[in-house]
Amino acid sequence: MSHRGEQSKKIITFADRTTMARLNDFINRIDFGPLQRYCEEHGEPYRYVKGECLVAQGAVCRWFAVVRSGYFNFCTVASDGSLCVTGFSFAGEVTTDYVRSFLFGKPCLTSIIAGEDTDVLRIPLADIRKIGMTPQQALFESATSVLLDEAYRRYLAFYSKTPSERYRDLIVRCPEDIIRLPFNELASYLSVSRRQFLRIRETVNRK
């Protein structure tokens, strides 16, 4: 196992994840169960150090991973060269580039970056595609439909909800996870400045 330092973070399993409210609840609507179990039984333990990419924007993702501890940021590059956080993947969740690499074998439009030292069990994505899913095509069709629906829901939420409302949604859906997230990552996810986020956080915490 590749790692630096001693592991001190709690290990979360797939079974644990099913009992927890998650930011990426849409994943529960895709039946990754057989793939997840295969990864947990045969996956390679690996530690991504903070800042290390599971995949970089513009590359085809090579890995299907189960996050055991830590978390990943999904990021895209803004016009000024800065990274914009578009989502997170926490302990107990599966992580890969679902839309482009997993479904179509195309380069990612985002980078998946370890937000802290993050332990995973990982399987090459090419091997995942070869597993005898029955029927495999049904999985891809289902995943495509769910991901399109989720993208549209998030698009509407961005325009119909204020940053404060979206921050409250985060607190409700993954309260334990967001406690350790840096303020700049949360601000980026909400598309506000750090100063604006601190005001939002103060207001929400008072209620």
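None of these values were measured; they are calculated from a predicted model.
- Side chain of N73 to main chain of V85: no donor-acceptor pair is present (N/O by atom type, distance under 3.5 Å, no hydrogens or angles).
- Once rounded to the nearest 0.5 Å, the distance linking NE2 of H42 with CG of D127 reads 11.0 Å.
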Check against salt bridge (charged side-chain N to carboxylate O under 4.0 Å, His left out), R68 and D119: CA-CA 5 Å; R68 305 192 72 203; D119 292 304; over 6 Å; no
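- Proximity of a side-chain donor or acceptor of R100 to a complementary backbone N or O of P107 within less than 3.5 Å is detected.
- We find the CZ-CD1 distance between R166 and I171 to be 13.5 Å, quoted to the nearest 0.5 Å.
- Ion pairing between a basic and an acidic side chain is recognised when a charged N comes within 4.0 Å of a carboxylate O; E116 and R180 show such pairing.
- Ring centers of F88 and F74: at least 6.0 Å apart, outside the cut-off.
- Panel note: side chain R168, backbone V204; no donor-acceptor pair is recorded below 3.5 Å.
- In this structure, Y167 OH and T162 OG1 are separated by 13.0 Å, a value rounded to the nearest 0.5 Å.
- Listed by chain and number, the hydrophobic cluster partners of I113 are V77, L83, where partners are ILVMFWY side chains within reach of under 4.5 Å, directly or through others.
- There is no path of hydrophobic side-chain contacts, each under 4.5 Å, that joins V60 to V55.
- Atom CZ of F104 is separated from atom CG of D97 by 10.5 Å, given to the nearest 0.5 angstrom.
- Rounded to the nearest 0.5 angstrom, L54 CG and R62 CZ are separated by 10.0 Å.
- Listed here is the closest heavy atom pair of C75 and T86: N-OG1, 4.2 Å.
- Expressed to the nearest 0.5 Å, how far CG of L181 lies from CG of L170 amounts to 8.5 Å.
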Side chain to side chain contact (heavy atoms under 4.5 Å, CB included), that's the test. Do K161 and D169 meet it? Break it down for me. CA-CA 10 Å; K161 292 188 176 184; D169 288 344; 2.8 Å; yes
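- Panel note: side chain T110, backbone T76; no donor-acceptor pair is recorded below 3.5 Å.
- Minimum interatomic distance between A56 and C108 (heavy atoms only, all atoms of both residues): O-CB, 4.3 Å.
- Looking only at atom types and distance, the side chain of S193 has a donor-acceptor partner in the side chain of Q196 under 3.5 Å away.
- Smallest separation of non-hydrogen atoms from S188 and C84: OG-CA, 3.3 Å.
- Across all non-hydrogen atoms, the minimal contact from E44 to W63 is OE1-CH2, 3.7 Å.
- S101 contributes a side-chain N or O that, together with a main-chain N or O of C61, makes up a donor-acceptor pair within less than 3.5 Å.
- Aromatic rings of Y48 and Y46 (six-membered ring for Trp) have centroids within the 6.0 Å cut-off, being under it.
- T203 contributes a side-chain N or O that, together with a main-chain N or O of R199, makes up a donor-acceptor pair within less than 3.5 Å.
- S89 places no side-chain N or O within donor-acceptor distance of the main-chain N or O of F72, the cut-off being under 3.5 Å.
- In terms of heavy atoms, I123 sits closest to G43 at CD1-CA, 3.5 Å.
- Under a 4.0 Å N-O distance rule, the pair D117/K50 does not qualify as a salt bridge.
- Summarising the geometry of V94 relative to V66, their closest heavy-atom pair is CG1-CG2, 4.3 Å, with the distance given to 0.1 Å.
- The backbone N or O of R201 lies less than 3.5 Å from a partner atom in the side chain of N205, making a donor-acceptor pair.
- Ring geometry for Y71 against F90 counts as tilted: the plane angle lies between 30° and 60°, on a 0 to 90° scale.
- The hydrophobic cluster containing F64 does not contain L109, counting ILVMFWY residues as joined when their side-chain heavy atoms lie under 4.5 angstrom apart, directly or transitively.
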